[in-house]
Every structure is written in C-alpha cells, then in structure tokens.
Amino acid sequence: MVKGLTLKNNAQATQAVKLLSRVFHKENNLRYKTPVEKKAQRRKLVKPLLDAFYRFIEGIAYPMHKLKDAVKNALKLKDRVYQIFEIGELPLSNNSVEQSIRPSTIIRKNSLFAKSTAGAEANAIFYTIVQTAKLNNLDVFIIWMSSNIWN
C-alpha cells in the first residue's frame with residue numbers, strides 16, 4: 001500500500017504500484033555471491049520487469065495530481081535507476097540510507113527545542129556518543145547505566 005494514495009484495482013496508479021512491486025520482489029529474491037553475478041541476474045530477471053513498469057508509465061496519457069508528479073519523477077530518474085544493470089553494487093532502493101540518517105534528522109529537530117545554545121550543543125554531543133556506540137555494536141543502555149557521569 002502506498003501512503004496517501006487510495007488504490008483502486010483498475011486505477012493507473014494501482015497498476016504502476018503493482019508493476020513496481022514485482023521489480024522489488026524479484027530484486028529481493030536474487031541469489032548471488034558477487035556483484036558480477038548480481039548484475040547478470042538483474043539483467044535477466046529484473047530488467048524485463050523494470051522495462052514493463054517504464055513502458056506502462058510512459059503510456060499514461062494524462063496523469064493527474066500526485067500520479068503526474070510520481071510519473072514525472074520516475075521518468076526523470078530513469079537513467080539513474082538503470083545504472084543498477086551496469087553496477088552490481090548499487091542498491092535498487094535508498095531505504096537503508098534513509099533509515100541510517102533518520103537519527104540525525106530527529107536529533108536536529110529535537111535540538112530546536114533546547115532552551116539554550118549550550119543545551120543544544122550538549123544534546124548534539126550526547127547523541128553523537130550514542131550513535132558512535134551503536135555503530136560499534138555497543139549496548140548504549142549498559143554504558144549509560146554503568147557510567148558515573150550521570151550520578
């Protein structure tokens with residue numbers, strides 16, 4: 001299901017979502033050991049599905065509202081997307097990157113509500129330490145509970 005979109009079975013947006021979901025499903029089920037193998041499998045299994053998706057959205061005569069924006073964006077990024085067939089290491093989606101930067105976005109937004117500049121800086125330092133610990137597979141809660149700096 002796509003947020004903000006009422007999907008009807010015969011709607012063009014629904015058909016586009018279904019076509020694109022097949023691309024992601026096939027990509028997620030690829031089995032490979034090297035980027036070269038991944039690239040070859042993508043060309044054989046994913047490319048026909050992605051081609052079908054782009055043929056479909058290019059054939060939508062007069063998209064309206066959000067569909068118009070989505071089609072325009074997808075067509076604008078087509079060359080970038082097709083680079084996955086040339087470079088096996090490229091991910092199909094940037095969701096993992098988006099998820100990895102989410103904490104810093106939340107920190108930035110939380111810092112807006114600090115009562116002073118010094119408080120915002122202290123928050124930034126604290127969150128930096130927490131994120132660094134997480135990146136090093138350390139349990140932040142245990143570190144926090146065992147430290148004496150909070151007493």
Side-chain angles (χ1 to χ4, degrees), residues 1-114 120-145:
M1 191 81 142
V2 177
K3 290 181 184 178
L5 186 62
T6 304
L7 298 178
K8 299 177 183 169
N9 284 334
N10 60 349
Q12 291 174 320
T14 303
Q15 293 172 7
V17 168
K18 287 179 180 179
L19 287 169
L20 198 55
S21 69
R22 291 180 189 143
V23 171
F24 279 92
H25 179 74
K26 189 60 75 175
E27 169 79 11
N28 292 336
N29 288 311
L30 293 178
R31 299 290 173 246
Y32 54 89
K33 292 183 181 176
T34 67
V36 173
E37 289 177 12
K38 184 177 185 179
K39 183 172 71 171
Q41 285 190 28
R42 277 179 167 170
R43 284 182 176 170
K44 180 180 177 185
L45 303 170
V46 176
K47 189 172 184 305
L49 299 172
L50 196 58
D51 290 343
F53 167 75
Y54 274 106
R55 271 193 311 275
F56 177 77
I57 65 170
E58 288 167 350
I60 298 174
Y62 301 103
M64 297 177 67
H65 309 298
K66 290 182 181 182
L67 179 60
K68 180 179 181 179
D69 294 337
V71 167
K72 183 179 176 183
N73 190 48
L75 293 173
K76 180 177 80 173
L77 297 174
K78 183 178 179 180
D79 290 338
R80 278 188 179 175
V81 172
Y82 272 76
Q83 287 181 357
I84 66 167
F85 303 116
E86 303 303 320
I87 305 169
E89 293 90 343
L90 284 179
L92 179 61
S93 166
N94 70 344
N95 285 345
S96 60
V97 174
E98 294 285 340
Q99 294 301 320
S100 70
I101 66 170
R102 175 176 272 153
S104 56
T105 303
I106 292 171
I107 292 164
R108 182 177 45 83
K109 287 181 179 181
N110 287 344
S111 294
L112 293 173
F113 300 103
E121 288 176 4
N123 282 343
I125 291 168
F126 175 75
Y127 286 126
T128 300
I129 292 168
V130 168
Q131 290 305 316
T132 302
K134 286 181 179 180
L135 286 171
N136 288 289
N137 298 317
L138 299 173
D139 188 335
V140 178
F141 185 73
I142 290 174
I143 294 169
W144 179 72
M145 293 301 291

Answer yes or no: are there more than 12 heavy-atom neighbours, outside Lys134 itself, under 6.0 Å from its atom NZ? no
Identify the two heavy atoms, one from Leu49 and one from Lys26, that lie closest to each other, and give their separation to 0.1 Å. CD1-CB, 3.7 Å
Assess the pair Phe56 and Phe53: is the distance between their ring centroids shorter than 6.0 Å? no
Minimum heavy-atom distance between Leu19 and Ala52, given as atom pair plus value: CD1-O, 4.1 Å
Spacing of Leu50 atom CG and Arg55 atom CZ [to the nearest 0.5 Å]: 10.0 Å
Can you confirm whether more than 12 heavy atoms, excluding those of Lys39, are under 6.0 Å from its NZ atom? yes
Could you give the distance from OG1 (Thr128) to CD (Glu121), rounded to the nearest 0.5 Å? 11.5 Å
Rounded at 0.5 Å granularity, tell me how far NE2 in His25 sits from NZ in Lys18. 15.0 Å
Can a donor-acceptor pair be found, under 3.5 Å and without considering hydrogens, that links the side chain of Asn28 to the backbone of Phe24? yes
So does Arg43 pair up with Glu86, basic N to acidic O under 4.0 Å? yes
Measure the CD-CD distance between Gln15 and Gln12 for me, rounded to the nearest 0.5 Å. 7.0 Å
Do Asn73 and Lys76 come close enough that some side-chain heavy atom pair is under 4.5 Å? yes
Can Val71 and Ile60 be said to form a side chain to side chain contact (heavy atoms under 4.5 Å, CB included), step by step? CA-CA 9 Å; Val71 167; Ile60 298 174; 4.2 Å; yes
Got a second to check how far Leu20's CG is from Ile57's CD1, nearest 0.5 Å? 8.5 Å
Which heavy atom of Ile84 sits nearest to which heavy atom of Pro91, and what is that distance? CG2-O, 3.9 Å
Does Pro35 offer a backbone N or O that forms a donor-acceptor pair with the side chain of Glu89 under 3.5 Å? no
Taking all atoms of both residues into account, what is the closest heavy-atom pair of Tyr54 and Leu77, and its distance? OH-C, 4.4 Å
For the residue pair Val46 and Leu30, establish whether any side-chain heavy-atom pair is separated by less than 4.5 Å. yes
Hey, are Arg42 and Glu37 close enough for a salt bridge, meaning a charged N less than 4.0 Å from a carboxylate O? no
Closest contact, heavy atoms only, Lys38 versus Leu90: NZ-O, 4.2 Å
